[in-house]
Amino acid sequence: MTAIEQTVSLGDKAVRRIGFGAMQLAGPGVFGPPKDPDAARAVLRRAVELGVDHIDTAQVYGPDVVNELIAEVLHPYPTGLLIATKVGGARDETGGWVRASRPEQLRATLEQDLRTLRRDRIDLVYLRLGVGGGGPAPVPLADQLGALTELRKEGKVGLIGLSTASVDDLRAALAITPIAAVQNPYGIGNREDEPVLELCREHGIAYVPYYPLGSAFTGGPQALASDPVIASVAAKHDASASQIALAWLLARYDRMLPIPGTSSLAHLEENVAAGRIALDEEDLAALENAGHLGAPAF
Ligand SMILES: NC(=O)c1ccc[n+]([C@@H]2O[C@H](COP(=O)([O-])OP(=O)(O)OC[C@H]3O[C@@H](n4cnc5c(N)ncnc54)[C@H](OP(=O)(O)O)[C@@H]3O)[C@@H](O)[C@H]2O)c1
């Protein structure tokens with residue numbers, strides 16, 4: 001069975017292995033409306049047509065812009081579509097990323113997600129711990145998770161996840177409440193998060209790698225394509241380097257759920273089709289030391 005036929009259960013939903021990261025649908029710098037709103041709408045529509053049933057978004061994308069686009073195009077949502085959001089950050093008036101992790105801020109962001117996405121409950125909410133650009137001193141983890149467990153009791157949150165979390169964060173969180181998924185930066189070109197991935201494997205926690213293609217911010221896809229080993233495996237499978245990077249991720253863990261981000265229909269089709277590629281032992285051995293591009297900033 002190739003990955004395209006597999007699902008992973010997350011709460012009351014079973015999602016396909018390749019999801020969609022919606023961050024690329026905002027304007028430049030993930031701020032404001034997209035340059036081409038019709039193209040963004042077409043990508044969302046096509047994602048669902050292709051069977052994508054796991055969409056990753058956040059109030060901070062735009063802010064609100066991406067959530068509103070998702071609701072405009074996809075509401076009423078297909079049964080089985082899992083929408084995940086993140087709380088813990090906010091945007092300032094210039095688009096800067098700031099921390100918003102006090103319990104009342106977490107609640108306000110979640111309420112805004114519910115409004116803009118037109119949902120009564122967000123299936124999966126990540127508490128984002130790291131925030132680019134810093135901000136006020138972090139609130140204790142127990143207080144932040146306390147806010148989310150309250151919201152879960154109220155039925156507004158389905159599952160709780162962690163994002164940009166360390167091994168220590170994950171261990172501390174697990175002592176407080178079940179954690180359904182971790183969303184951290186990871187990919188063939190950035191493997192620094194292996195210890196968190198290993199802890200997820202031990203606990204059967206879904207692992208959602210962000211920047212699975214190495215990120216737009218650092219020219220990830222182009223760097224993947226210029227790696228000779230990735231290029232040769234890609235040629236063998238008549239695939240693109242990005243597809244090999246996704247297939248490599250899928251082979252790392254059976255609860256690995258990449259959310260490649262794109263604003264392009266062609267790239268979307270390519271990314272979903274990566275689930276059909278089965279890398280063999282020889283490919284995986286060759287890729288063992290390929291693609292080390294360095295950790296993307298942020
Ligand atoms: N938790 C967090 O803090 C956090 C942080 C960052 C991102 N995320 C989430 O993770 C998702 C993925 O991250 P990302 O979008 O930043 O990075 P990514 O998926 O690694 O890469 C996106 C970049 O790759 C390009 N691309 C996509 N598919 C391609 C293909 N098949 N061939 C060539 N280029 C391709 C996109 O450009 P085109 O638009 O031209 O396709 C875009 O420039 C985001 O959308 C977001 O939902 C979460």
* Is the closest basic N to carboxylate O distance between D169 and R171 below 4.0 Å? -> no

* Inspect the contact between R107 and E111 and indicate whether a charged nitrogen and a carboxylate oxygen are less than 4.0 angstrom apart. => yes

Within 6.0 Å of [atom1] in [X], more than 12 heavy atoms from elsewhere:
X: E104; atom1: CD; answer: yes
X: D92; atom1: CG; answer: yes
X: D238; atom1: CG; answer: no
X: K236; atom1: NZ; answer: yes

* Residues Y211, N190; criterion side-chain contact (heavy atoms from CB on, under 4.5 Å); working and verdict -> CA-CA 9 Å; Y211 300 151; N190 168 24; 5.7 Å; no

Separation of [Y] [atom2] from [X] [atom1] (nearest 0.5 Å):
X: L249; Y: L246; atom1: CG; atom2: CG; value: 6.5 Å
X: I179; Y: Y126; atom1: CD1; atom2: OH; value: 11.0 Å
X: D12; Y: L82; atom1: CG; atom2: CG; value: 8.0 Å
X: T149; Y: E154; atom1: OG1; atom2: CD; value: 10.0 Å
X: S101; Y: L141; atom1: OG; atom2: CG; value: 10.5 Å
X: I18; Y: Q6; atom1: CD1; atom2: CD; value: 10.5 Å

Any donor-acceptor pair under 3.5 Å linking the side chain of [X] with the backbone of [Y]?
X: S163; Y: Q183; result: yes
X: D143; Y: R102; result: no
X: R255; Y: G204; result: yes
X: E150; Y: G146; result: no
X: R17; Y: L250; result: yes
X: D53; Y: R16; result: yes
X: D227; Y: G291; result: yes

Measure across [X] and [Y] and return the closest heavy-atom pair with its distance rounded to 0.1 Å.
X: L224; Y: I188; value: CD2-CG2, 3.5 Å
X: L25; Y: S263; value: CD2-CA, 4.1 Å
X: T2; Y: A278; value: CG2-CB, 4.3 Å
X: I230; Y: A290; value: CG1-CB, 4.1 Å
X: A180; Y: L159; value: CB-CB, 3.7 Å
X: A241; Y: A234; value: N-CB, 4.0 Å

Between [Y] and [X], is there a side-chain donor-acceptor contact under 3.5 Å, judged purely by atom types and distance?
X: D56; Y: Y210; result: no
X: N67; Y: T57; result: yes
X: R252; Y: Y207; result: no
X: Q112; Y: T109; result: no

Heavy-atom distance under 4.5 Å between the side chains of [X] and [Y], does that happen here?
X: V43; Y: Q24; answer: no
X: W248; Y: M256; answer: no
X: L151; Y: I160; answer: no
X: L129; Y: P138; answer: no
X: F20; Y: L44; answer: yes
X: S226; Y: Q222; answer: no
X: D123; Y: L81; answer: no
X: L10; Y: L257; answer: yes

* Test log, rule side-chain contact (heavy atoms from CB on, under 4.5 Å), inputs L170 and I205 -> CA-CA 10 Å; L170 179 54; I205 296 169; 4.1 Å; yes

* Which ring pair (Phe, Tyr, Trp, His ring centres under 6.0 Å) pairs, counting each pair once, include a residue from residues 62-82, with sequence neighbours left out? -> H75-Y77

* To do: Test side-chain contact (heavy atoms from CB on, under 4.5 Å) on L124 and K13 and set out the steps.
  => CA-CA 10 Å; L124 168 61; K13 303 226 158 80; over 6 Å; no

* Dump the intermediate steps for side-chain contact (heavy atoms from CB on, under 4.5 Å) on E270 and S242, then the final yes or no. => CA-CA 8 Å; E270 200 180 302; S242 292; 4.2 Å; yes

* Examine W97 and V65 and state if one hydrophobic cluster contains both, with Ile, Leu, Val, Met, Phe, Trp and Tyr joined whenever side-chain heavy atoms are less than 4.5 Å apart. => no

* Of all residues at least two apart in sequence or in a different chain, which pass the side chain to side chain contact (heavy atoms under 4.5 Å, CB included) check with P63? -> F31, Q59, R91

* Please name the residue in the list E192, R191, E194 that meets the side chain to side chain donor-acceptor pair (under 3.5 Å) test with Y186. => E194

* Which of these, L110, I83, L106, sits in a side chain to side chain contact (heavy atoms under 4.5 Å, CB included) with V125? -> L110

